[in-house]
Amino acid sequence: MDFDKTVQLIYWCTDWISSNIIFLTLLLLCYLGFSVAKQVHTSPLRHIPGPLPARLTKRYFELISALGGMATNGLKHSRRYGDIYVCQPNGISISDPADIRRVLSTPQFTKHRYYRLLKFTGIDSIMTTMEHDMVSKRRRTLGPYFTTSFVSKMEALIMAHGAQAIIAKWDSQLEESQTCVVNYSETFTLCMFSSVSRLVFGQELLFDNNEQLRWITNSTLFISMRAILQLLPHWLFKILTWPWEHMYTKIATHVENSISERKQLLAQSSDRPVDLLQALLDCEDPKSKMHLSPEQIHAEALLLLIGGIDPIAFTLTWAVHLLMLYPECYKRATDEVRSQFSSLVSYAEARARLPFLEACILETLRLVPVPSVQIPREVPSGGTTIKGHFIPAGTVVFANTWGSHTSEQHWRDPLRFHPERFLEGSSAEIRLRRHSVFTFGYGNRICLGKHLAWFNMLTILANLLLRYDFKLPSTCSRADRSGLPRLMAMTTFLSNKPKYPETDCQLIITKAKS
Ligand code: HEM
């Protein structure tokens with residue numbers, strides 16, 4: 001076809017389209033209407049309530065997640081639609097604690113492939129695997145190194161890099177003046193970076209190094225960005241996330257170096273350090289007597305590092321924020337610590353003598369479940385029934401922890417920070433309430449680092465409340481227009497984080513009078 005004819009054809013086409021624009025628009029609308037009707041009327045989930053866009057396309061959920069709104073959206077929808085709603089064409093979100101317990105404790109409900117976003121090295125870690133046999137094997141192999149008794153053996157390290165490191169930093173800031181302003185969110189993030197990386201890398205990393213803060217924020221951001229991967233062409237994703245991928249690669253190299261340095265150290269000395277790196281090198285499946293391969297060690301180390309820092313740092317952040325919003329709880333927790341201790345508080349002592357502070361942490365985990373707003377599982381073959389609805393095999397079930405934790409049907413005055421709820425009532429009631437907090441997950445895939453997290457959170461808070469008085473600067477708001485305590489703005493990627501930590505996480509500290 002010569003050039004003139006092509007131009008003529010293009011003219012003809014544009015002419016035809018413009019004179020038939022109304023007809024074409026109607027055709028398109030009919031097609032869309034038909035697709036919507038088909039989706040709504042033939043979907044096996046059609047009897048379950050839920051927002052229309054979520055029924056039509058998976059992209060709705062993905063877009064909300066990519067914009068950091070997964071938690072707030074899940075909360076809003078569970079309030080509007082109740083204990084079960086459609087959140088994807090092939091997915092439901094559930095909030096009744098009994099349903100969540102059943103789904104999460106039934107191994108046949110396997111983890112959903114969303115966990116592949118956390119598969120960094122091409123091979124599965126304990127967090128990402130969906131194979132039942134591998135889960136049992138890996139939990140048998142690693143489990144003994146995450147018990148309270150093994151974590152206690154690392155107490156000196158945990159204290160040195162946790163509570164004591166923060167005290168040293170804040171004391172040095174207070175040497176210059178009687179009071180100072182700290183950004184507690186940044187403090188906890190740096191501190192947990194130093195602490196978890198010491199346990200996993202076996203090396204001390206400087207506590208106050210901004211480079212490290214950038215490393216970890218950018219790496220988690222990079223992983224979160226992978227969630228948008230399905231929305232963008234691969235090449236565009238690669239270009240956009242190159243700076244973050246670069247930072248993440250640095251951490252991966254660091255893991256590699258740490259393992260070979262530890263092996264050299266072991267060859268030169270008979271001392272075996274007690275930390276998670278050594279645990280990964282030593283651990284053995286009691287049944288098959290097999291050790292982890294170097295690639296498996298690499299995958300697990302990376303996962304422990306990235307999965308361990310943010311949840312602890314941000315739970316501590318929300319705990320301090322909530323204590324500041326509820327001055328009566330702050331006073332009671334502080335009085336409790338100061339009436340019991342005068343010097344460094346160890347974990348066992350804190351657990352035995354600080355029930356109110358422990359309840360404050362539990363209440364924080366309930367009110368702001370940092371990493372686990374929607375825990376996804378896949379319905380096994382044969383399907384299941386939830387709230388009277390048949391849910392076919394292959395449907396994704398999201399355990400909506402935040403929706404569940406703040407449901408008025410299941411909790412009294414759920415939006416109020418009320419630690420006493422874990423101390424009052426019969427022991428059966430208290431046990432049930434504790435078992436209805438799903439922030440560490442539940443069942444056979446419950447968080448492996450739970451005891452390590454509690455160790456850090458309790459010792460850090462107890463020791464800081466013992467040594468310092470906290471006050472909010474006047475610039476930080478405490479209440480909404482009606483005078484009720486108001487949570488600071490948050491954003492959710494891998495974790496529920498403060499949106500504006502630079503302004504919202506300021507704290508005036510002074511040394512407590514002894
Ligand atoms: C406040 C702190 C933490 C919270 C709230 C938390 C939360 C969670 C949740 C909700 C899961 C389960 C996900 C699911 O069932 O799909 C999980 C799994 C896991 N967590 Fe944590 N985590 C915390 C700290 C840690 C730490 C410090 C480590 C280790 C350094 C860790 C290691 C793991 C591992 C290895 C798994 C995978 C277990 C499995 O799939 O069998 N976590 N965590």
Side-chain angles (χ1 to χ4, degrees), residues 100-101 103-107 109-119 124-143 145-147 150-151 154 157-158 161-162 188 191-193 195-201 275-277 279-280 283 296 299-319 361-362 364-378 396-402 404-405 437-458 460-461 494-496:
I100 294 183
R101 273 193 293 272
V103 167
L104 294 186
S105 59
T106 310
F109 282 82
T110 51
K111 277 193 174 180
H112 187 259
R113 51 186 175 277
Y114 282 120
Y115 281 92
R116 292 211 181 117
L117 293 173
L118 297 170
K119 191 168 164 180
D124 269 318
S125 68
I126 185 168
M127 176 73 95
T128 59
T129 184
M130 287 146 219
E131 282 173 40
H132 187 58
D133 281 353
M134 180 171 165
V135 177
S136 317
K137 194 170 166 187
R138 212 40 81 77
R139 288 196 74 106
R140 270 196 318 261
T141 309
L142 289 174
Y145 296 95
F146 286 88
T147 56
F150 188 83
V151 174
M154 301 189 286
L157 271 183
I158 296 172
H161 290 271
F188 293 142
C191 162
M192 287 328 303
F193 180 62
S195 178
V196 180
S197 60
R198 168 60 191 86
L199 297 179
V200 176
F201 291 156
D275 57 21
L276 293 180
L277 179 61
L280 291 173
C283 66
Q296 289 166 338
E300 297 296 356
L302 214 47
L303 181 272
L304 292 178
L305 180 80
I306 296 196
I309 297 170
D310 271 12
I312 306 183
F314 290 113
T315 303
L316 282 167
T317 299
W318 288 106
I361 298 176
L362 205 49
T364 305
L365 290 164
R366 179 191 72 82
L367 199 51
V368 193
V370 166
S372 49
V373 280
Q374 300 258 14
I375 304 177
R377 294 290 188 268
E378 200 166 309
V396 193
V397 182
F398 290 90
N400 185 345
T401 60
W402 209 18
S404 175
H405 293 178
V437 174
F438 302 108
T439 309
F440 286 105
Y442 195 84
N444 68 324
R445 305 300 295 266
I446 196 166
C447 175
L448 203 65
K450 187 179 168 183
H451 300 301
L452 179 58
W454 265 104
F455 216 104
N456 274 288
M457 296 187 299
L458 202 51
I460 288 177
L461 275 185
L494 283 186
S495 304
N496 264 332

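The figures here come from the full heavy-atom set of this structure, side chains too, leaving out hydrogens, waters and symmetry mates. Note that the structure is a prediction, hence the values are computed from the model and not measured. Whatever order the structure lists them in is the order used to number ligands and atoms, beginning at 1.
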Q: Tell me, do Thr129 and Arg445 make a side-chain contact under 4.5 Å, heavy atoms counted?
A: yes
Q: Non-hydrogen atoms of Thr315 versus ligand 1: any pair closer than 4.0 Å?
A: yes
Q: So which heavy atom on Thr128 is nearest to which on Asp124, and how close?
A: OG1-OD1, 2.6 Å
Q: Checking a contact table here: which protein heavy atom is nearest atom 36 (C) of ligand 1, and how many Å away?
A: Met127 CE, 3.7 Å
Q: Could you check atom 29 (C) of ligand 1 against the protein and tell me its nearest heavy-atom contact, residue, atom and distance included?
A: Leu304 CD2, 3.8 Å
Q: Output yes when a side-chain donor or acceptor of Ser136 lies under 3.5 Å from a complementary backbone atom of His132, and no otherwise.
A: yes
Q: Donor-acceptor check, side chain of Thr106 to backbone of Phe109, threshold 3.5 angstrom: yes or no?
A: no
Q: Quick one: does His405's side chain have a donor or acceptor within less than 3.5 Å of a partner on Phe438's backbone?
A: yes
Q: Can you tell me if Leu303 has a non-hydrogen atom under 4.0 Å from ligand 1?
A: yes
Q: Where is the nearest protein heavy atom to atom 28 (C) of ligand 1: which residue, which atom, and how far?
A: Gly449 CA, 3.5 Å
Q: Polar-atom distance check: Asn444 versus ligand 1, any N or O pair below 3.5 Å?
A: no
Q: Who's the nearest protein heavy-atom neighbour of atom 7 (C) of ligand 1, and how far?
A: Thr439 O, 3.4 Å
Q: Students should be able to answer this: which protein heavy-atom is nearest to atom 14 (C) of ligand 1, and at what distance?
A: Tyr115 OH, 3.2 Å
Q: Quick check: closest heavy atoms across Val370 and Asp310, and the distance to 0.1 Å?
A: CG1-O, 4.4 Å
Q: Closer than 3.5 angstrom, by distance alone: can the side chain of Lys111 be matched with the main-chain N or O of Met127 as a donor-acceptor pair?
A: yes
Q: When you measure from atom 2 (C) of ligand 1 to every protein heavy atom, which one gives the shortest distance, and what is it?
A: Pro311 CB, 3.4 Å
Q: Does Arg377 come within less than 4.0 angstrom of ligand 1, counting non-hydrogen atoms of the residue?
A: yes
Q: Which protein heavy atom lies closest to atom 12 (C) of ligand 1, and at what distance to 0.1 Å?
A: Arg445 O, 3.6 Å
Q: Return a yes/no value for Arg139: is any of its N or O atoms, backbone included, closer than 3.5 angstrom to an N or O of ligand 1?
A: yes
Q: Starting from atom 23 (C) of ligand 1, locate the nearest protein heavy atom and write down its residue, its atom name and how far away it is, to 0.1 Å.
A: Cys447 SG, 3.6 Å
